[in-house]
2 protein chains.
Amino acid sequence: MSANSFFPSFSNKVDLMKLLKEHPGFYYSSHEQRIKKGEVFTHKNISDYLFRIESGVVEFGYLKDREFIFQFFLRAGDILALPEYAEDLPAEGCYVAVNEVTGWVIDMAFVQEVLLDKDPKNQIMMTHFLQTRRKFFRASIRANLEPKQRVYFCLMTLIEMGFRNSKNSVELPDFVTHDVLATMANVSKSLVLSVVRFLRDSEILASNKKPWVILDLNKFMYIMVEERIPTNSAI
Amino acid sequence: MSANSFFPSFSNKVDLMKLLKEHPGFYYSSHEQRIKKGEVFTHKNISDYLFRIESGVVEFGYLKDREFIFQFFLRAGDILALPEYAEDLPAEGCYVAVNEVTGWVIDMAFVQEVLLDKDPKNQIMMTHFLQTRRKFFRASIRANLEPKQRVYFCLMTLIEMGFRNSKNSVELPDFVTHDVLATMANVSKSLVLSVVRFLRDSEILASNKKPWVILDLNKFMYIMVEERIPTNSAI
């Protein structure tokens, strides 16, 4: 027996929405919702529903002394933590819309009914847990870096999320600002400004208008090596 | 349908070893192994086998500039990362025996065969992923604390692993030393020494012989509040 036939594989992902939409009860149990930029996902607006992101970006973090500690982003196709497991996490999580987010709000009992029938091996749940586990590990690796390294590490993450407009150039996501980067890296805005200034002066980054653009990816990657950034871990 | 009936619950854990031992082929596919204190688990000594800890403690971390960055402990009943998922993690993990460890080394194909048959819903794998996900989140929360806070946070973790010899007193695990605590908290040994000295002077901790003992848990917990340690996250 091949090991790969048994464990869920990311390349062979079962599509949750495909399964749900095939069920005749889908539109009775689901509706779409817009969440405005900056809005927090609470029990009030998603309660015991599954929220599946269709567009936009959601940041997940937790509160430490009332300060939001960024952990990771969730994007189209990702699902927000299931209520059953919220209590299992060691800190109260907090989801915030980074830009306008749209998604399906789906009755949890309906999701469970469909999955029980159509995904008896729980491949979808396992994939979800594995992906979020990887994200937490990455958050831990980032937190163990020096402040300046964290800024570079976060830029790597944003490059991965960006739009590769040529072989050596990447548009970063629209929502990127000095403040966003400071929150992601858990550093002061002045440190972000100093890193950005260095990258601009080196003609590696254009940040005068949206979207920010990495103009020379090769040069950027060279700096990552110099700064000892664990690049594989950022993605 | 109750939500709890669908998702795997930690309180209703399926026992992997029970399932495996019930199979007539168990002793043909498995043997026990001793791993000495300080020994690293590598492909050479566990290769494509599942290692299930029977006794002792294993620490999991990753290498950053050749330095071991502690993430979490694994104990009796826990299983070491499955080879299939090692490549999925954002950094190369490293398992080290904290004291003498014994465990079952079980052929992976055999494990898969039994689980496919006896755990078709993959409850065991899901539980494993959820538990390690929680451990990574905790590692991230710890890394986001100040150095001194991290020492206290780690003491909380050790208290949880310890032996509650009376209502207000806990023996910490035998392996606890200043060096172990410094590695766990990713701080200098001198900082550990200063925290330990303070706790000794306050008659909260006895560390003159093994095992270290928290003499006054109430007083210790009071300090945790003062130092703003997220105590729920430590456990």
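What you see is a predicted model, and the numbers here were worked out from it, not measured in a lab. In the text below, chain A, chain B and the rest are named by the order of the sequence lines, each starting its count at 1.
Remark: B/Lys219 NZ is packed, more than 12 non-hydrogen atoms of other residues, nucleotides or ligands lying under 6.0 Å away.
To the nearest 0.5 angstrom, A/Arg133 atom CZ is 5.5 Å from B/His128 atom NE2. Considering OG of A/Ser140 and CZ of B/Arg138, their distance stands at 12.0 Å, rounded to 0.5 Å. Rounding to the nearest 0.5 angstrom, the gap separating the CZ atom in A/Phe136 from the CZ atom in B/Phe136 is 11.0 Å. Atom CG of A/Leu145 is separated from atom CD1 of B/Ile69 by 9.0 Å, given to the nearest 0.5 angstrom.
When heavy atoms are compared at a cutoff of 4.5 Å, A/Pro120 approaches chain B solely by way of its backbone atoms N, CA, C and O. Contact annotation for A/Ile141: both backbone and side-chain heavy atoms come within less than 4.5 Å of a heavy atom of chain B. Of the two parts of A/Asn186, only the side chain, counted from C-beta on, holds a non-hydrogen atom closer than 4.5 Å to a non-hydrogen atom of chain B.
Looking at A/Asn122, its side chain does come within 3.5 Å of a backbone N or O of B/Lys121 through a donor-acceptor pair.
The interface of residues 58-67 of chain A with chain B, defined by heavy-atom distances below 4.5 Å, comprises A/Phe60, A/Tyr62, A/Lys64, A/Asp65.
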Practice task
Begin with the C-alpha distance, continue with both residues' side-chain angles, and end with the deciding distance and a verdict on side chain to side chain contact (heavy atoms under 4.5 Å, CB included) for A/Gln71 and B/Phe137.
Solution key: CA-CA 9 Å; A/Gln71 295 290 289; B/Phe137 191 10; 3.6 Å; yes
